[in-house]
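Only a predicted model underlies this, so the values are computations on that prediction, with no experimental measurement involved.
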Amino acid sequence: MKPPTSAIPSGDRQIGRLLMAAMEHAGHEVSLASRFRAYDGEGNEALQTKIKRIGCKLGDRLAKRYLTMPKHARPDVWFTYHVFFKAPDWIGPRVARALGIPYVVAEASFAPKREHGNWQIGYDGTREAIVAADLVLTTNGEDFKCLAPLLKADGLSIDLTPFLDTATYEAAGARRVHHRRALAKTLGVQPDVPLLLTVAMMRPGEKIKSYGVLAEALENLRGEEWRLVVAGSGAAEDEVRGMFASLQDRVHWLGLLDTDELPELYAACDVFLWPALRETPGMCFLEAQAVGTPVIAGRAHGVPSVVADGETGLLCTVGDADEFAGAVVRLLGDDALRRTLGKAAANRIPALHGLDLASRTLDTVLGNLSI
């Protein structure tokens, strides 16, 4: 995947940066060892072969460089984020083995059904990396079922709760009324019109399918008073906009926003919507709840681990536009329930999904490795 230093917005890169921040918060010195991208999205055997060759060469080169350093200056642990069949880790296991240090993988996923497919080289590389890992950190319990058979007999597997640095979101939530009025003025709508929010990239695959479910759900709500605010962009933007063509007088397109613009936007809106087809936990759900905005989402994969159904939001059957529309109607018609869910969300996210807890967890598990 792209390195955490990439300027292109992505939940993956945000999680990568948060993992680095959490370890630094615990007092560890963290350095980005490589910006090499091992991703093949097409299932191209020749490209995978080239990626493997370059990755292995980089790993050997890094190991050689580290071994020239005094022992106290060498890394104590190699930490790789997000390993799967399209983006295997060819560098980490080689460096860890050469230096005799623990190899840690966070957010690894393994899909046996991919064996003998177009990503066979990436599949094999992912398997080798997971087998080599001394510690595997997962944020989605469903991943563990396929990972478990590959773990070392003495290896560790820890379920790391998805987390967020909530400080800026809490600050924005404290000024909800101000941000609400400012956004309504910018959009040219009355202050009392309910504002629904979606923040998501517009790309082919599950993202565009989720936008399709959202458009279908809102199409059924013409009789309700609301406006939809959409932040995001991407290769499929024209197709996404076309899905909402019949609702164009109800939808406000903000385009791609900087990360630091999002807390105020979340705080300014009344409900966050995302159908979440085949979604990982999703940083957007943590962000919305951290400012006190309730969520309506699909009950997909890791989403229930970050959205408490009936407590901080409402979860629906994945892909069911009618059920999703019903949940929106329910919150539009019940101001008290929106406030109750939002208050619970604002309390729950810092307590259970904050940087401090994640930092302590990482510090403990890294300390338990034989360094």
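- The ring pair (Phe, Tyr, Trp, His ring centres under 6.0 Å) test with Phe85 singles out one residue from Trp119, Tyr39, Phe110, and that residue is Trp119.
- Rounded to the nearest 0.5 Å, atoms CG (Asp89) and CD (Glu128) are 11.0 Å apart.
- More than 12 heavy atoms of other residues, nucleotides or ligands sit less than 6.0 Å from atom CD of Glu115.
- The side-chain heavy atoms of Leu137 and Leu362, taken from C-beta on, include a pair separated by under 4.5 Å.
- Within the model, atoms CZ of Phe79 and CG of Leu32 stand 12.5 Å from one another, a figure rounded to the nearest 0.5 Å.
- No single ILVMFWY cluster, assembled from side-chain heavy atoms under 4.5 Å apart, contains both Val193 and Leu196.
- Rounding to the nearest 0.5 angstrom, the gap separating the CG atom in Leu332 from the CZ atom in Arg338 is 6.5 Å.
- Shown here is Asp260, whose CG atom has more than 12 heavy atoms of other residues, nucleotides or ligands within 6.0 Å.
- Within a 6.0 Å sphere centred on CD of Glu45, other residues, nucleotides and ligands contribute 12 heavy atoms or fewer.
- In this structure, Phe285 is not a member of the same hydrophobic cluster as Leu352, with clusters built from ILVMFWY side-chain heavy atoms closer than 4.5 Å.
- Counted by atom type alone, Thr126 and Arg114 present zero donor-acceptor pairs between their side chains at under 3.5 Å.
- Cluster membership for Leu257 and Leu273, using ILVMFWY side-chain heavy atoms within less than 4.5 angstrom, is shared.
- The aromatic ring centres of Tyr211 and Trp274 sit less than 6.0 Å apart.
- Side-chain contact between Leu218 and Leu247 is present, with at least one heavy-atom pair separated by less than 4.5 Å.
- The distance from atom CG of Leu369 to atom OG1 of Thr364, rounded to the nearest 0.5 Å, is 11.5 Å.
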Show, in sequence, the C-alpha distance, side-chain angles and deciding distance for Arg227 and Leu187, and conclude whether the side chain to side chain contact (heavy atoms under 4.5 Å, CB included) test is met. CA-CA 10 Å; Arg227 295 293 187 276; Leu187 300 179; 5.8 Å; no
May I have the step-by-step check of side chain to side chain contact (heavy atoms under 4.5 Å, CB included) for Leu256 and Met201, ending in yes or no? CA-CA 8 Å; Leu256 189 63; Met201 294 302 289; 4.0 Å; yes
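- Ring planes of Tyr169 and Tyr266: tilted class, angle from 30 to 60°.
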Let me see the working for Phe36 and Trp90 under ring-ring contact (aromatic ring centres under 6.0 Å, His included), right down to the final yes or no. CA-CA 10 Å; Phe36 176 64; Trp90 299 112; 9.6 Å; no
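- A chain of hydrophobic side-chain contacts below 4.5 Å, direct or via other Ile, Leu, Val, Met, Phe, Trp or Tyr residues, connects Met20 to Ile158.
- Between the side chain of Arg175 and the backbone N or O of Ala267 there is no donor-acceptor pair closer than 3.5 Å.
- No side-chain donor-acceptor contact under 3.5 Å links Ser359 to the backbone of Leu355.
- At a cut-off of 3.5 Å, with distance as the only test, a side-chain donor of Gln14 or Glu287 sits close to an acceptor on the other residue.
- The neighbour count for Lys52 NZ, taken as heavy atoms of other residues, nucleotides or ligands under 6.0 Å away, does not exceed 12.
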Applying side chain to side chain contact (heavy atoms under 4.5 Å, CB included), run through Leu197 and Thr293 and close with a yes or a no. CA-CA 10 Å; Leu197 174 65; Thr293 298; over 6 Å; no
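- More than 12 non-hydrogen atoms from other residues, nucleotides or ligands lie less than 6.0 angstrom from CZ of Arg348.
- The shortest side-chain heavy-atom distance between Glu219 and Ser246 falls under the 4.5 Å cut-off.
- Under the 4.5 Å side-chain heavy-atom criterion for grouping Ile, Leu, Val, Met, Phe, Trp and Tyr, Val177 is not connected to Val229 through any hydrophobic cluster.
- For the 3.5 Å distance criterion, the side chains of Asp124 and Gln120 qualify, holding a donor opposite an acceptor.
- In this structure, Arg339 CZ and Asp270 CG are separated by 10.5 Å, a value rounded to the nearest 0.5 Å.
- For the pair Tyr103/Val95, no side-chain contact is recorded, criterion being any heavy-atom separation below 4.5 Å from C-beta on.
- Rounding to the nearest 0.5 angstrom, the gap separating the CZ atom in Arg74 from the OG1 atom in Thr68 is 8.0 Å.
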